[in-house]
Protein chains: 2
Amino acid sequence: MGKSARPATISDVAALAGVSVGTASKALNGRGSLRAETRQRVQAAAEQLGFQANAAARTLSSGRTYTVGMITTDTIGRFSIPLLIGVEDALGAGRMSVFLCDGRDDPIREQYYLKTLLSRRVDGIIVTGRHARPRPPIGSGLPVPVVYAFVSSTDPEDCSVVADEAGGARKAIDHLLAVGRRRIAHVTGPEHHHSAVVRSSAAIEQLAEAGLQPAGPPLFGEWSEAWGRRAVGMLLATAGEFDAVFCGSDQVARGVTDALRAAGRRVPEDVAVVGFDNWDVMVLGCQPPLTSVDMNLEGLGRAAADLLLTAINGEPSPGPHVRPCRLVVRESTTVPVDSQPAG
Amino acid sequence: MGKSARPATISDVAALAGVSVGTASKALNGRGSLRAETRQRVQAAAEQLGFQANAAARTLSSGRTYTVGMITTDTIGRFSIPLLIGVEDALGAGRMSVFLCDGRDDPIREQYYLKTLLSRRVDGIIVTGRHARPRPPIGSGLPVPVVYAFVSSTDPEDCSVVADEAGGARKAIDHLLAVGRRRIAHVTGPEHHHSAVVRSSAAIEQLAEAGLQPAGPPLFGEWSEAWGRRAVGMLLATAGEFDAVFCGSDQVARGVTDALRAAGRRVPEDVAVVGFDNWDVMVLGCQPPLTSVDMNLEGLGRAAADLLLTAINGEPSPGPHVRPCRLVVRESTTVPVDSQPAG
DNA sequence: GTGAAAGCGCTAACAA
DNA sequence: TTGTTAGCGCTTTCAC
């Protein structure tokens, strides 16, 4: 069973079945009207030869490639994965294949990929990235539809699917208020980071709506556990009392939680902690497991792919499409009913 | 600048330049011999029309698609990313594009993808997966070369690129011995998991070579922090004294480290801890940062892609290609020189 | 119900 | 040096 020299073509199939290529084509694609017997004979021949229609040839006549390109702005990473899976999921069902292009934060590389994808005549393009901040459009007047997933374009006419991060932050605050917290601090990532700012402002606004001030100014730092730990030192030193910390990411939240425990504060009895991202490994590894905001990136990827498919079919949906976040409650904010009452 | 109705074809270019398509083709591909002036005129016309050669048409005549398929056995995840990046890196340089196919641990899905890729006439296929255990070949007598990356095939003739996990485990043990540890315990993942077994046996053998016994039998459990924490309870309860723990993964190692500290044992002064995978977020989030074994998955992906490229060019390299692991030393095994001497 | 033939966009061999 | 032409494998009219 060596390597077959050459994949079977439709004329091989036609010859074996004793029909013309036109007839074979109809038989294999269920088009035209043929005798059932002929159809079967062709299918049997195709089966026997292991025939797989040459996609390039098909593309050439149909004009459709049934492929889409996915370009990541920055490098492929933790955030891209669920998006990728969602996209793959929605497209795979529609028998479309995905070209993966790793932009590496390099605009030149990105444009190179764009050219390649266009020369491959992809039916559409999905652009993603780790940073939610609106980015310049990848191109203008492109011959195929483009959907931005998680990121959005600075051109408000471009189709994008983004998470309602502000809404997520508000849900986090509402939850903390609902479990009786009133002195809520906020620790998050870099001040120049779009998501940090959006989440932070939304949290503060939501507190204000409840007539509350945050427990101290928001602490901007990095997206790391180490920063979360350091921030707790600052909170303990400078802030007054606080009974909750809303964090801009799960990593920060985990650092905060660890440092609080190390400082003798119980989570959640003394201080409740909420994270953001609902990153399984962080959220479940944490002691106790973290309550966190989930942006449903996989659903977002799926939605982006669906919008792309409908755009490919001639029904574009321009503009931003905002999708809600979901709060996943765990033990960092709620004492389990069967646990020891707080001393 | 609306959507251009139809991408320019080479005959558009030829017409605009006032030459025949054959001449245009030569001019654009730098073949044949043409007057420099003609060449330039064609190139200018192509530029003006934004001409991008139709890849499908090119494929049809040349037989090459300059695409490869990458099939993940299980779902795309943490382990696939560095592999993907490596593959992308090595292939992108050679102007090849990658079709990403998420197998989801579903053999039917996998075969569906295989068919799709073959019908797209990819030049080659890379198969990856999270589990290093050898897997059944994805197909036999395939018309294109296949390289397994990180995983290997049960057919020893199949080309695969794998990490020397046993060697990595031995390096970890050697390091612990070098920093003076003699009573080394081992905590790892599920007993039915190939990597757990390989790493574990290699560690025990290496200890034996040094004339040592492990501190208690290896503890098999899960790949989670929670298990690492529980395991420490077992070690403290049942094992005698121990001055180091070699862990089968960074997550386990982190759980172990946290639990040791909670139990009043200092890391690394009282107990040194080594992880496996060198997963940045785990290794750096840990207190203190974890010494860990790095399998260099990105390099592995690059190597797999390079082997695939040479196989595509007619020089296959059958059989397994084993690549060394690297030990990355951090503070979980070595006291920084400028730190407080142990009390 | 089936076959013949044109054409998708490009390359490459051959003619001019 | 340039143009003409025959495919590459498939789909799709249009005759038969």
Side-chain angles (χ1 to χ4, degrees), chain A residues 4-43 45-46 49-67 95 116 118-123 143, chain B residues 4-43 45-46 49-67 95 116 118-123 143:
Chain A
S4 29
R6 181 182 61 84
T9 72
I10 199 170
S11 52
D12 296 333
V13 174
L16 180 58
V19 297
S20 71
V21 288
T23 303
S25 174
K26 285 169 209 154
L28 293 169
N29 296 298
R31 259 182 271 272
S33 54
L34 299 178
R35 266 191 312 172
E37 192 271 333
T38 309
R39 211 175 278 282
Q40 285 177 354
R41 197 145 38 86
V42 172
Q43 276 159 356
L49 297 174
F51 171 74
Q52 285 287 119
N54 182 321
R58 196 169 251 176
T59 289
L60 208 50
S61 23
S62 71
R64 286 273 318 252
T65 56
Y66 295 96
T67 61
R95 64 219 308 287
T116 306
L118 292 179
S119 110
R120 293 197 186 278
R121 300 294 190 269
V122 292
D123 295 332
Chain B
S4 29
R6 179 181 64 82
T9 71
I10 199 171
S11 51
D12 296 333
V13 174
L16 180 58
V19 298
S20 72
V21 289
T23 303
S25 175
K26 285 170 213 154
L28 293 169
N29 296 299
R31 258 181 272 271
S33 53
L34 298 179
R35 265 192 314 173
E37 193 271 335
T38 311
R39 212 176 278 282
Q40 285 178 354
R41 198 147 35 88
V42 172
Q43 277 160 356
L49 296 174
F51 171 75
Q52 285 288 119
N54 182 320
R58 197 169 249 180
T59 290
L60 208 50
S61 22
S62 72
R64 285 276 316 253
T65 57
Y66 295 96
T67 61
R95 63 215 317 280
T116 306
L118 292 179
S119 107
R120 293 198 186 278
R121 300 294 190 270
V122 292
D123 295 333

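We name chains A, B, ... by the order of the sequence lines, and we start the count at 1 in each one. Quick caveat: nothing in here was measured; it's all calculated off a predicted structure.
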Could you tell me whether [X] contacts a base, only the sugar-phosphate backbone, or nothing, with contacts defined as non-hydrogen atoms closer than 4.0 Å?
| X | result |
| --- | --- |
| Thr9(A) | sugar-phosphate |
| Thr38(A) | sugar-phosphate |
| Ala56(A) | nothing |

Nearest-nucleotide comparison on DNA chain D, the residue closer to the 5′ end among Val21(B) and Ser61(B):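 The 5'-side residue here is Val21(B).
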
Along DNA chain D (nearest heavy atom to each residue), the more 5'-positioned of Ala57(B) and Leu34(B):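 On the 5' side of the pair lies Leu34(B).
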
Would you say [X] places a side-chain N or O within less than 4.0 Å of OP1 or OP2 belonging to [N]?
| X | N | result |
| --- | --- | --- |
| Thr23(A) | dG3(C) | yes |
| Arg31(A) | dT11(D) | no |
| Arg58(A) | dT11(D) | yes |
| Ser20(A) | dA4(C) | no |
| Ser62(B) | dT11(C) | no |
| Asn29(B) | dT11(C) | yes |

Using atom [atom1] of [X] as one end and atom [atom2] of [N] as the other, report the distance to the nearest whole Å.
| X | N | atom1 | atom2 | answer |
| --- | --- | --- | --- | --- |
| Arg121(A) | dG9(C) | CZ | P | 9 Å |
| Asp12(A) | dC8(D) | CG | P | 11 Å |
| Arg35(A) | dG1(C) | CZ | C1' | 7 Å |

Heavy-atom pair with the smallest gap, counting every atom of Ala24(B) and Val19(B):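 For Ala24(B) and Val19(B), the tightest heavy-atom pair comes out as N-CG2, 4.1 Å.
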
Minimum-distance nucleotide to Lys26(A) side chain [options: dG3(C), dA13(C), dC10(C)]: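 Nearest nucleotide to the side chain: dG3(C).
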
Inter-residue atom distance Thr9(B).OG1 - Leu49(B).CG, 0.5 Å rounding: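 Thr9(B) OG1 to Leu49(B) CG: 9.0 Å, rounded to 0.5 Å.
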
